[in-house]
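Presented below is the structure to which this report refers.
Count residues from 1 along the sequence.
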Amino acid sequence: MPLKDMNQRNILLDNLNLSWGVILFLQVLFGLAVSVFPPLWSLIIIFCAVLVAVIYHSPTITAVFLLLLILPYPFSFFQIGQADIGLLEVGVSLGFISWAARGMIRDKSLSVDIKGLDIPILILLGWAAFSVLWTPSMARGLHSVLKVASGFSVYFLTVNLIKDRPALERLFVGWLLISVLFSILGMYQMLSLGIQKSMAVAVSEGELADLGKTVRVTTILRTPNDLGFFLMLPITLLLVKIFQPSDTEGPGKNSRFMRFILACLLIAEIMIIAVTFSRKSWLSLGLIIALIGLMYKRIFVFSALSVVFATMVFFIMDFGAFGELLKSRAMSFLFPIEAAIPERAVAWEIGKQLFYRSPIIGNGLGSFFVLSSQFNSPLNLPHNFYIFLLTELGFVGLSLFLIVAIVFSKNFLEIKHGEYARLMATGLFACFCAILFQAFFRTIALTDPVFWAFMGLLSVFIRQYNPYYRKDDKLATKDKSLTPNQR
């Protein structure tokens with residue numbers, strides 16, 4: 001028998017033996033679950049076991065499923081001390097199990113992908129963990145370290161699961177499919193609840209109306225701002241996919257029908273951004289359109305027309321009190337900061353005072369949560385990522401994060417080969433700038449898993465399209481996304 005046929009036969013037998021082993025293990029697990037645990041926990045255990053078997057076969061499914069679980073939902077399963085155990089912890093655990101099982105069983109090696117791109121992030125996180133030594137509350141500091149580790153795990157899993165360009169394209173599709181789900185839920189919430197509840201909201205001249213979470217669209221997430229933050233990347237991807245060129249390095253140009261569907265989805269997601277009433281998301285959307293428009297005039301014109309069309313829908317349909325609240329929210333950009341964001345303005349001032357206590361090394365991770373109560377702060381978080389860095393990690397922490405931002409930006413700007421790569425790099429860089437802008441009004445605190453999912457996806461794109469990392473990747477010549485001539 002030829003050697004090649006023997007190798008294929010051995011691989012087939014190994015896979016069959018593995019499959020029977022998995023089936024036997026699942027049968028034993030199901031029997032134990034039903035006989036030992038309550039019915040609900042039995043179903044959860046069985047579901048997780050089957051899910052691990054499914055995602056074991058596809059790293060992309062693992063990454064998309066992880067993204068779906070890490071979104072900020074307004075519930076947790078139980079609490080251990082100060083730590084809430086929710087879907088994030090479940091997703092990260094399943095992700096690590098899938099990654100480790102695939103590496104050790106299928107690939108016969110468990111390798112960790114660390115590039116020069118990751119070193120500044122690791123140094124920043126190391127400094128954050130080291131700051132626990134001088135934080136005012138060791139318990140709070142350690143709790144913050146665990147949350148940072150959970151968030152960074154999302155980045156780690158993304159860059160170690162997505163290894164080639166086709167997998168990256170499937171991950172883009174995963175982001176878009178999840179955004180479709182939230183668009184549908186957002187439209188339903190607006191039409192069934194938001195418009196009705198808006199009639200009971202009083203609007204006073206020169207004051208910010210209290211909209212709560214019934215008028216503002218949240219779908220199933222914790223806050224409207226979380227929804228607006230998540231939709232930044234899908235909207236960017238839609239803009240790129242609509243104008244996707246047909247060069248050899250990209251997935252190819254979409255059909256007219258597909259571009260029409262993507263354009264309709266883009267308008268729907270712009271409308272969802274509007275009804276979150278999230279002003280920082282509005283500004284971030286404008287920033288993305290402006291930055292892409294500097295390089296691609298057609299995309300700028302199309303994006304501007306899409307925003308105008310989405311805005312006109314609200315006027316044409318005449319949503320009454322809901323439309324008036326949208327206008328009032330837009331006019332609040334003209335308010336003084338004390339009226340526009342009163343609680344955050346106080347928290348920022350307290351953050352500055354805490355920064356002056358220890359400007360170089362900061363007060364330690366978790367310190368704002370502990371010390372802000374001494375100043376009667378209305379918020380236990382500063383709702384400004386840069387003030388968080390200065391307060392808890394000092395000038396050192398802020399400088400390390402700026403190095404991370406500069407390194408990522410530099411790597412994006414180095415991607416110049418291929419129409420598709422340049423267009424996608426421009427879009428993702430614009431989205432990255434929008435994230436940095438939102439950080440002025442959002443407490444990412446190095447713990448936000450959606451932020452780390454963003455960063456992981458950006459890192460994978462740089463790994464796949466930046467010539468420096470493609471040159472260093474010894475497996476690049478085996479990438480199935482490349483044609484024989486490109487190899």
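- Proximity of the aromatic rings of F454 and F451 is defined here by a centroid distance below 6.0 angstrom, and this criterion is not met.
- A donor-acceptor distance shorter than 3.5 angstrom exists from the side chain of T158 to the backbone of V154, with no hydrogens or angles considered.
- Here the closest non-hydrogen pair linking M232 and T236 is O-OG1, 2.9 Å.
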Is there a side chain to side chain contact (heavy atoms under 4.5 Å, CB included) between L88 and L69? Walk through the geometry before answering.
CA-CA 6 Å; L88 167 63; L69 290 185; over 6 Å; no
After noting the C-alpha distance and the side-chain angles of Y155 and F152, does the key distance pass the ring-ring contact (aromatic ring centres under 6.0 Å, His included) rule?
CA-CA 5 Å; Y155 176 93; F152 177 72; 5.5 Å; yes
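- No side-chain donor-acceptor contact under 3.5 Å links T443 to the backbone of A445.
- Within the 3.5 Å criterion, the main-chain N or O of F369 finds no donor-acceptor partner in the side chain of S373.
- Rounded to the nearest 0.5 angstrom, L239 CG and S306 OG are separated by 7.5 Å.
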For L266 and F302: C-alpha separation, side-chain torsions, deciding distance, then whether side chain to side chain contact (heavy atoms under 4.5 Å, CB included) applies.
CA-CA 11 Å; L266 173 66; F302 179 81; 3.6 Å; yes
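- Put simply, the side chain of L287 does not reach to within 4.5 Å of the side chain of W282, judged on heavy atoms.
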Would you check, one step at a time, whether the test side chain to side chain contact (heavy atoms under 4.5 Å, CB included) holds for L171 with V460?
CA-CA 10 Å; L171 182 58; V460 172; 5.7 Å; no
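- When every heavy atom of V132 is checked against every heavy atom of G141, the shortest pair comes out as CG2-O, 3.8 Å.
- Under the 30°/60° scheme for interplanar angles, the aromatic rings of F277 and F322 are found to stand perpendicular.
- Put simply, the side chain of L146 does not reach to within 4.5 Å of the side chain of L142, judged on heavy atoms.
- Contact of the F441 side chain with the R344 side chain is registered, since non-hydrogen atoms from C-beta on lie closer than 4.5 Å.
- Of all the heavy atoms in L124 and G397, the pair that sits closest is CD1-O, 3.7 Å.
- By the neighbour-count criterion of 12 heavy atoms within 6.0 Å, atom OH of Y386 is densely surrounded, having more than that number from other residues, nucleotides or ligands.
- A salt bridge is absent between K147 and E89: the closest approach of a Lys/Arg side-chain nitrogen to an acidic carboxylate oxygen does not fall below 4.0 angstrom.
- Within the 4.5 Å cutoff, the side chain of E392 has no heavy atoms near those of the N363 side chain.
- Side chain of T219 to main chain of L185: no donor-acceptor pair is present (N/O by atom type, distance under 3.5 Å, no hydrogens or angles).
- Contact check on R463 versus D118 returns a salt bridge, with a Lys/Arg side-chain nitrogen under 4.0 Å from an Asp/Glu carboxylate oxygen.
- Within the 3.5 Å criterion, the main-chain N or O of L117 finds a donor-acceptor partner in the side chain of Y469.
- Taking all atoms of both residues into account, the shortest heavy-atom contact from A128 to L446 is CB-CD1, 4.1 Å.
- Within 6.0 Å of CE in M187 there are more than 12 heavy atoms belonging to other residues, nucleotides or ligands.
- Annotation: side chain of F355 is in contact with side chain of F395 (closest heavy-atom distance under 4.5 Å).
- In this structure, M455 CE and I444 CD1 are separated by 9.0 Å, a value rounded to the nearest 0.5 Å.
- Two residues are said to be in side-chain contact when any heavy atoms from C-beta on lie closer than 4.5 Å; P72 and V450 meet this criterion.
- One finds the CZ atom of F309 at 8.0 Å from the SG atom of C264 (value rounded to the nearest 0.5 Å).
- Counting only heavy atoms from C-beta outward, the side chains of V275 and V215 never approach each other to under 4.5 Å.
- When all heavy atoms are compared, the tightest approach of I288 to A434 is CG1-CB, 3.6 Å.
- Of the candidates Q438, R442, R216, N225 forms a side-chain hydrogen bond (donor to acceptor under 3.5 Å, both in side chains) with just one, namely R216.
- Relative orientation of the F172 and F461 rings is tilted, given thresholds of 30° and 60° on the angle between their planes.
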Please evaluate residues L393 and L398 with respect to the criterion side chain to side chain contact (heavy atoms under 4.5 Å, CB included), reporting the C-alpha separation (whole Å), side-chain torsions for both, the decisive distance (0.1 Å), and the verdict.
CA-CA 7 Å; L393 305 180; L398 179 62; over 6 Å; no
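- With hydrogens and angles ignored, the 3.5 Å screen pairs a side-chain donor or acceptor of S131 with a backbone N or O of L365.
- Here the CZ atom belonging to F385 is positioned 10.5 Å from the CG atom belonging to L390, to the nearest 0.5 angstrom.
- Between the T135 side chain and the M138 main chain, no donor and acceptor come within less than 3.5 Å of each other.
- Ring orientation note: the planes of W99 and F156 are nearly perpendicular, at an angle over 60° on the 30°/60° scale.
- Using a cut-off of 4.0 Å between Lys/Arg side-chain N and Asp/Glu carboxylate O, K410 and E414 are scored as salt-bridged.
- Taking every heavy atom of both residues into account, I220 and P74 meet most closely at O-CD, 3.2 Å.
- When each of Y188, W175, F230, F229 is tested with F182 by the rule ring pair (Phe, Tyr, Trp, His ring centres under 6.0 Å), just one qualifies, namely F230.
- Atom CG of L168 and atom OG1 of T60 lie 9.0 Å apart (nearest 0.5 Å).
- Looking only at distances, a side-chain donor or acceptor of N384 sits under 3.5 Å from a matching main-chain atom of F440.
- Counting only distance, with no hydrogens or angles, the side chain of N466 and the backbone of I415 share no donor-acceptor pair below 3.5 Å.
- Defined by atom type and a distance below 3.5 Å, a donor-acceptor pair is missing between the side-chain atoms of S281 and T276.
- Side chain of W127 to main chain of V396: no donor-acceptor pair is present (N/O by atom type, distance under 3.5 Å, no hydrogens or angles).
- With rounding to the nearest 0.5 angstrom, the OG atom of S459 is 10.0 Å from the CD atom of Q464.
- At least one side-chain heavy atom of V217 sits less than 4.5 Å from a side-chain heavy atom of L227.
- By the neighbour-count criterion of 12 heavy atoms within 6.0 Å, atom OH of Y296 is densely surrounded, having more than that number from other residues, nucleotides or ligands.
- Between the side chains of S179 and E269, at least one donor N or O lies within less than 3.5 Å of an accepting N or O.
- For N160 and D113, the side-chain atoms include no donor-acceptor pair closer than 3.5 Å.
- A cation-pi arrangement is present between R165 and Y465 under the rule of less than 6.0 angstrom and at most 45 degrees off the ring axis.
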